Asker: 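One structure, as structure tokens, below. Some questions next.
Fair warning: this is a prediction, and the values are worked out from it, not measured in the lab. All residue numbers refer to positions in the sequence shown, counting from 1.
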Amino acid sequence: MKKASVLLCSVAAALMMTGCATVPDLTQTETELISEYAVGVLLKYDKGHGRKLVDSTGYEPEEEMEEPEQEPPVEETPEEPETEPEQAAEVMDVSQDEEEAQPEVSSVEAYYGIPNIMISYTGWEMADSYPPQAEDETPFFSMDASQGMQLLVLKFNAQNLTGEDQPLNMMGYQATFRVSVNGEASKGALATMLVNDMQTYDSVIPAGSSVDMVSIVEVPQGTTPSTIDFILRGGEKDGTLHLQ
């Protein structure tokens with residue numbers, strides 16, 4: 001390398017020297033070509049120059065870019081097939097069927113287990129109001145039929161079968177009645193304040209005597225009873241007494 005440098009310096013000095021017989025005359029173009037050649041030779045043998053061009057020490061390699069994590073695929077939940085709404089359960093009125101299925105009973109006293117007293121059905125009457133009133137009489141309690149209705153008054157007789165006074169408390173038996181006329185749906189007997197209402201009767205029947213009692217229900221005006229079913233409640237199971 002030192003030799004090349006000396007050679008180049010000599011060439012350069014020779015070119016710059018003028019008036020020396022040993023140096024041929026060169027044109028401007030030839031001088032530039034020789035200068036370029038000299039510079040190329042110098043760079044070729046200058047190890048330091050080459051190292052500077054390719055030396056990459058001090059530079060850190062570029063960090064590899066991390067690939068973004070891929071989210072796991074979302075599993076699609078299969079749609080459940082649409083089901084038709086359940087139809088509402090059909091409601092049936094079975095009150096009449098229940099009444100028809102009730103066992104028959106022979107008498108009121110037999111159903112409630114009333115001792116020493118016999119209760120008999122004696123008939124019925126239709127009325128617009130009850131009890132009947134005399135012109136100069138003011139009853140303790142009276143009731144009128146609703147518009148378009150009449151009062152069906154069912155009559156009973158309770159007889160003391162013994163020689164001693166017998167108490168009769170129908171409320172103590174939790175007695176309630178329903179009445180079906182001509183096979184129609186039954187209706188509850190009306191609650192009254194009559195002292196002889198059989199549902200609420202509570203008194204003493206003297207020895208060897210009897211008392212009259214009634215049970216009243218409303219029916220459409222103009223009804224003529226051909227069959228009357230008297231439904232007794234308050235015992236373990238309802239019972240039906242066919243009055244006529």
Asker: In residues 219-227, what donor-acceptor pairs under 3.5 Å come from side-chain atoms, sequence neighbours left out?
Answerer:
unit_1, atom_1, unit_2, atom_2, d
T223, OG1, P220, O, 2.6
S226, OG, N182, OD1, 2.7
T227, OG1, N182, N, 3.3

Asker: Distance check, rounded to the nearest 0.5 Å: M213 atom CE versus T200 atom OG1?
Answerer: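 Taking CE in M213 and OG1 in T200, the distance rounds to 10.0 Å.
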Asker: Side-chain contact, heavy-atom cut-off 4.5 Å: L161 with I117?
Answerer: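 A side-chain contact under 4.5 Å is absent here.
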Asker: Restricting to side-chain hydrogen bond (donor to acceptor under 3.5 Å, both in side chains), what partner residues turn up for Q174, sequence neighbours left out?
Answerer: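 side-chain hydrogen bond (donor to acceptor under 3.5 Å, both in side chains) list for Q174, sorted by chain: empty.
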Asker: Is any side-chain heavy atom of I114 closer than 4.5 Å to a side-chain heavy atom of I119?
Answerer: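 Result yes, sub-4.5 Å side-chain heavy-atom pair found.
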Asker: List the atom of Y201, the atom of V195, and the distance in Å for their closest heavy-atom pair.
Answerer: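 Looks like CD1-O, 3.5 Å.
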Asker: Of all heavy-atom pairs between G239 and Y111, which one has the smallest distance, and what is that distance?
Answerer: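 G239 and Y111 have their closest heavy atoms at N-CE1, 3.8 Å.
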Asker: Please determine if E125 and K155 form a salt bridge, counting it only when a charged side-chain N lies under 4.0 Å from a carboxylate O.
Answerer: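 Answer for the salt bridge query: yes.
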Asker: Is the shortest side-chain heavy-atom distance between D229 and L241 below 4.5 Å?
Answerer: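 No, every pair of side-chain atoms sits at 4.5 Å or beyond.
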Asker: Tell me, do H242 and F230 make a side-chain contact under 4.5 Å, heavy atoms counted?
Answerer: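 No - every pair of side-chain heavy atoms lies 4.5 Å or more apart.
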Asker: Which distance, rounded to the nearest 0.5 Å, do you find between the CD1 of I231 and the CG of D238?
Answerer: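 Rounded to the nearest 0.5 Å, the CD1-CG separation comes out at 7.5 Å.
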Asker: Say whether, by atom type as modelled, one donor and one acceptor occur between the side chain of N160 and the main chain of E164 under 3.5 angstrom.
Answerer: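 Yes: the side chain of N160 pairs with the backbone of E164.
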Asker: Please assess M171 against Y173 for the test side chain to side chain contact (heavy atoms under 4.5 Å, CB included), listing each intermediate value before the final yes or no.
Answerer: CA-CA 5 Å; M171 293 182 67; Y173 294 105; over 6 Å; no
Asker: Once you round to the nearest 0.5 Å, how far does CD1 of I228 lie from CD of Q244?
Answerer: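 With rounding to 0.5 Å, CD1 (I228) is 4.0 Å from CD (Q244).
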Asker: May I ask you to decide if D144's main-chain N or O and Y130's side chain share a donor-acceptor pair within less than 3.5 Å?
Answerer: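 A pair under 3.5 Å: no.
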Asker: Donor-acceptor pair, S146 side chain versus M149 backbone, under 3.5 Å?
Answerer: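 No: the side chain of S146 does not pair with the backbone of M149.
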Asker: Just verifying a value: how many Å separate M170 CE and S203 OG, rounded to the nearest 0.5 Å?
Answerer: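 The CE atom of M170 sits 13.0 Å away from the OG atom of S203.
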Asker: Please assess S120 against N157 for the test side-chain hydrogen bond (donor to acceptor under 3.5 Å, both in side chains), listing each intermediate value before the final yes or no.
Answerer: CA-CA 5 Å; S120 306; N157 179 265; 5.6 Å; no
Asker: Assess the side chains of T192 and D197: does a donor N or O sit below 3.5 Å from an acceptor N or O?
Answerer: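 Checked: T192/D197 side chains pair up, N/O donor to acceptor below 3.5 Å.
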Asker: May I ask you to test the Q159-V211 pair for a side-chain heavy-atom distance under 4.5 Å?
Answerer: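 The answer is no; the side chains never approach within 4.5 Å.
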Asker: Rounded to the nearest 0.5 Å, what separation is found between the CG atom of L168 and the CG atom of N116?
Answerer: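 L168 CG to N116 CG: 11.0 Å, rounded to 0.5 Å.
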Asker: Looking at every non-hydrogen atom in both residues, tell me the closest pair between A110 and S106 and how far apart they are.
Answerer: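 Closest approach of A110 to S106, heavy atoms only: CB-OG, 3.7 Å.
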Asker: Side-chain contact test, heavy atoms from C-beta onward, threshold under 4.5 Å: evaluate it for V181 versus L152 and give yes or no.
Answerer: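 Yes, side chains in contact.
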Asker: State, to 0.1 Å, how close Q150 and A145 come at their nearest heavy-atom pair, and which atoms those are.
Answerer: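 Minimum heavy-atom contact is CA-CB, 3.8 Å.
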Asker: Could you tell me whether the side chain of W124 reaches within less than 4.5 Å of the side chain of V153, counting heavy atoms only?
Answerer: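 In short, these two side chains do not touch, never coming nearer than 4.5 Å.
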Asker: If you take the centroid of each ring, where Trp contributes its six-membered ring, are F177 and F156 closer together than 6.0 Å?
Answerer: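 Not close enough - the centres of the two rings lie 6.0 Å or further apart.
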Asker: Nearest heavy-atom pair of V204 and P206: which atoms, and what distance?
Answerer: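 Smallest interatomic distance, heavy atoms only, reads O-CD, 3.5 Å.
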Asker: How far does CZ of R233 sit from OH of Y112, to the nearest 0.5 angstrom?
Answerer: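 That separation rounds to 10.0 Å.
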Asker: Decide side chain to side chain contact (heavy atoms under 4.5 Å, CB included) for L190 and L151; before the verdict, give the C-alpha distance in whole Å, the side-chain angles of both, and the deciding distance to 0.1 Å.
Answerer: CA-CA 10 Å; L190 300 176; L151 300 177; 4.1 Å; yes
Asker: Determine the minimum heavy-atom distance between G188 and V217, stating which atoms define it.
Answerer: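 Answer, listing the atom of G188 first, then V217: O-CG2, 3.8 Å.
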Asker: If you measure only the distance, is there a donor-acceptor pair under 3.5 Å linking the side chains of S215 and Q199?
Answerer: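 No - no donor-acceptor pair under 3.5 Å links their side chains.
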Asker: Check whether any side-chain heavy atom of V105 sits under 4.5 Å from a side-chain heavy atom of L232, and report yes or no.
Answerer: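 When only atoms from C-beta onward are counted, L232 and V105 do touch, with a gap below 4.5 Å.
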